Every structure is written in C-alpha cells, then in structure tokens.
Amino acid sequence: MWDKLRAYHAEHARRPIAKLFATPNRASNFSARMGDMLFDFSKTSIDTEALWLLMQLAEKAGVAAKREAMFSGEKINDTEGRAVLHTALRNLDGGPVLVDGADVMPGIKEVLGRMESFAGDLREGRLAGAGGRITDVVNIGIGGSDLGPAMACLALAPYHDGPRTHFVANVDGADIADTLRGLDPRHTLVIVASKTFTTIETMTNAATAKAWMREGGGDPKAQFAALSTNLEKTAGFGIPAERVFGFEDWVGGRYSVWGPIGLSLMLAIGPEAFRAFLRGAQAMDRHFRAAEFKDNLPVLLALVGIWHHQICGYPTRAVLPYDQRLARLPAYLQQLEMESNGKRVGMDGAKLTVPSGPVVWGEPGTNGQHAFYQLIHQGTGIVPCEFMVAARGHESELAHQHELLVANCLAQAEALMNGRSMKEATSLMAAKGLTGAELERQAAHRVFPGSRPSTMLLYPELTPEVLGMIIALYEHRVFVEGVILGINSFDQWGVELGKELAVALQPVVAGEADGADKDDSTQMLVDYIRKRR
Ligand code: F6P
C-alpha cells in the first residue's frame, strides 16, 4: 500500500490543489464533523483515490483492532509491559475497563472524588495555609506533568474562578526564582507533579520550593500536595497521604492531564468545568471508537498527516491556532506527537522503512503571520499548516476583533492554496508604472507559488468541553499514525541517554570530578564554564 500511495502521489504531484475544487462538493466530501466541530481537509492534495488508498493503509495496519485493544486495556505498550488507558480517566459514565481482569474505574472515580473535595475545600477557603486562604498554586512538574495543565489553564482563562496558577518546569533556577518572587509562602499551595517522583528537575525544584516555604513562614506539611504513581517516594518527601493523588502506570506522562496531573486546572476552573473538560474528551473517544474511517476526525487527521509526511515528504507540520489562549498548544503537541511517534524501530525491533513522525511546531496567529509565514508562503520547502479557530471569542464586546482574527485565519489558508501567479504579479507591478526587465524582476519577488496544503479545525467557542475534544482528537491522531507506522507510541526510551549523561556530568561541571573520559569538545566546554562560574 505504501508503494501504491507513493506512485499515486508521484503521478499527481504537480496538479494544483485549487484545481481539485472543479469536482463538485469537494469541501463537503473532504471534511468531517463531530458534533459542532468541523475538520476541513479539502485544501490538501488528497483526492478520492488518495483518500481511499490511505483508508486501505489504515485498515491493513489494523487500526480498528488496535483501537479496541487500547480502549479495552490490553498491554499495547509492550516495551514497558503496560496498558494505555488515559481514555479510562474520562470514561465517567462508561462501563468497566479491565486491566489484568480487574476493573480500574472504581479507583479512577475514587481519586477524582478526592480531587474534587480537595479542590472544593481549597477554593472555598476551608483548606488554608499558614497565613489563611490559599491565593496561589504552583505546579512543579516537567514534560507531561507540566505541559498539559499549563496549556489547559491558559486555554481556559475565562473560566478561572479559583486561585491563581503558576507553573515551574525548568531546572534552570531562573524558572522557580521568577515564579516564587512575589508569591506569599503562607498563602501558596505547591503541587509536586511527577509520575515517577524521581525526575531530577522536578525533585530539585520541589526541594527549593520547600525551603522557600519554610523560610517564609509557610507550612510545607499542610501546603504541599503530590500527584504521582510512586506513593513510597511521595511519603519519603514528607507529603501526607491525604494530599497525595495517585494514578497508575497505564497513564502515560504526556496523556495524563485528565487525572491527578490536572489538579491545578481543577483548582483554577472548579470541579464542574473540569468534568466538562473530561466529557468533551469522552465524546471524542466515543466518536473515534464508533465512526467509520471516512467520517472519523482522528483517523482523517492522521491520514492527512501520513500523506504529508510519509508520502509527500514534507519534513515538518505547523500547528497554527488562531486563538491566543492556545499559545501553549504547539508545545503541548510537540511532546504528544514527537515523544510518541519519534521512533526509529517498529514494534518488532526492526528499523523502520518509512520515516516516523514529523517535526511539529507552531505559534498562534496572527502573531506568526508577522514572523515566519514568509517562509511558509514563499520558501522553497513546503510546510503543511494545521489552522484552528473558534467561531466566536469570549470577549463579546470585542467581536469585531474576533472577526478580524477569523478573516486572517481563513485568508492564510486561501493564500496558501491559490497563491499569486507571475501574470497577476506582473500586472500589479505594471500598474505601479514599472516596465521591462525591472518589471519582471520586481514581479518575481511578488509571486506566491500556491498549492500549499492546509487543514482547518473549526469549533464554536473554546469551552472546557471543546478543549477536551481538541486534545483527545490529537491524542487519537497520534495513536492512528503510530499504528500505521507500526511503532510503539507509548514509550520514550529516547529521553534516557541524555538524562544519564547529565547525572554523570554534574560533578564534572561542579569541579568535583575531572571528566578526563569525556571527548575533547565536551572537556573544552566544561573548561570554559568552570573558569567563569
Ligand atoms: O523525560 C521524559 C519524561 O519521562 C516524559 O515522558 C514525562 O512527561 C516527563 O519526563 C516527566 O516525568 P515525570 O512525570 O515522571 O516527572
């Protein structure tokens, strides 16, 4: 099937995307809806035949069977011997989910209930710090223990009616120093979020926060909470069991915002809005599980991804939310997609014969338009763009600004597809009075080649429910792409080597070891730093 797809692409590669609209109903045939969400992929070079071949590819890869295996708790993460059940965290009114024959739902609901009463107590002032009411919450975590809640807290700012939330991730002391400055240790709750509770960045920052709180008259025993699978370590750190919210190893770090790792979000927006967030994701789960491939948003988004990266050979994809509150979504998706699908061997350990996942990057529009869109429009490479925008913003008094935002988003997709021909550019320059060689030269700079692909995700408004849908949509997209590539999307061995070497290098940087075993370059760099510490 890969060969057929490549051959089909090669045969039709030169056909302009805009020409595909000559076929009636292209927009409705190459778009799909889930509830009130609309995904349009008609501005790509995928046509009926290519879509059929892509769906065959998904079928042959066994997407449907693997999807069932995931939802039903089979140990599909087989390099770690784990089930993959972030979907169970939002399966609130669904049936039992079995892992090793035991239903995990009662445990999930029990922890969610504990989180909700903790959040209620804190938000209503019953749970206080040494100085009284908790006004600020600092989540210390990194990767999936940071990006999910940080992204979602920003996205749902209009729903905040609880304490202010802050996020510290980097081991760079600047991060925690800048965050804690201005906070009152007697009115702050520190959440230590770490699945393993061994991540060096998080544990170092947690120790710094504990000392800060002690020195500032706060009470770390009462003002620290932990989110982790490692209950021994949380106890060892001195966090009382009633403020530890546990989860299981079948929740991957980058898929963990739906459970305890989402506590800071729940504190900010309240348990009810948090449940709406889960409901949105659950609705996407149900759609993903039941809809035919041709109508299935996650499957279609994945097939577009496969088409662009593995078939067309475009090395990156840009996620471009026209939604300032989704400013952290590209970073969140970088971890979700690149940590999941940035692999070099298949499930069987053999080297992949197709490229694995692409580089994912992006920024909110319209800001990006004034920065890197130049390359997207006129650079020599092609960057498939994934736009998203809400039909309405929360700022009803600024509706005219939202109209401008939407117009910009749609205009970019249009410009990318249609471009501007040499003929059009020439008449523009001629109208300005240019002639001859100078007319030609100036016109060439104003040509947009067009036929640059983009997709568009539209939703009514960025509510907790819609945010849940968007994240679950991308989670399942990653899953489908991973199945098609035959890789394990749920491990991350590639992050280990650097961690090990950093631990070994720390004493060298500190001057406590000589580092003679290091390469010449590393020794030179260490030497530079040591002399300037
Ligand atoms: O190093 C990568 C990673 O393991 C991510 O997968 C994870 O989200 C992050 O580190 C943080 O891990 P933890 O939650 O265990 O501190």
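Both counts, for ligands and for their atoms, begin at 1 and track the order of listing. Since the model is a prediction, treat every value here as computed from it, not as a measurement.
- A cation-pi arrangement is found for Arg532 relative to Tyr528, the charged atom lying closer than 6.0 Å to the ring centre and inside a 45° cone about the ring normal.
- Here the protein heavy atom with the shortest distance to atom 9 (C) of ligand 1 is Ile142 O, 3.6 Å.
- Atom 8 (O) of ligand 1 has its closest protein heavy atom at Gly144 N, 2.8 Å.
- Of the protein's non-hydrogen atoms, the one nearest atom 15 (O) of ligand 1 is Thr196 OG1, 2.6 Å.
- When hydrogens are left out, the protein atom nearest atom 4 (O) of ligand 1 is Lys499 NZ, 3.9 Å; that is the closest non-hydrogen contact.
- Contact annotation: for Val495 versus ligand 1, heavy atoms closer than 4.0 Å belong to the side chain alone.
- Between Phe277 and Phe274, the ring planes lie tilted relative to each other; the angle falls in the 30° to 60° range.
- Distance from atom 5 (C) of ligand 1 to its nearest protein heavy atom, with residue and atom name: Glu339 OE1, 3.5 Å.
- In this structure, Arg90 is positioned above the aromatic face of Trp258, its NZ or CZ under 6.0 Å from the six-membered ring centre and within 45° of the axis.
- Phe288 and Phe71 have tilted rings, their planes meeting at an angle from 30° to 60° on a 0 to 90° scale.
- Heavy-atom distances between Glu201 and ligand 1 stay at or above 4.0 Å for every pair.
- Counting only N and O atoms by type, the side chains of Ser356 and Arg344 include no donor and acceptor under 3.5 Å apart.
- The protein heavy-atom contact nearest to atom 12 (O) of ligand 1 is Thr199 OG1, 3.5 Å.
- Glu80 and Asn77 form a side-chain donor-acceptor contact under 3.5 Å, judged by distance and modelled atom types alone.
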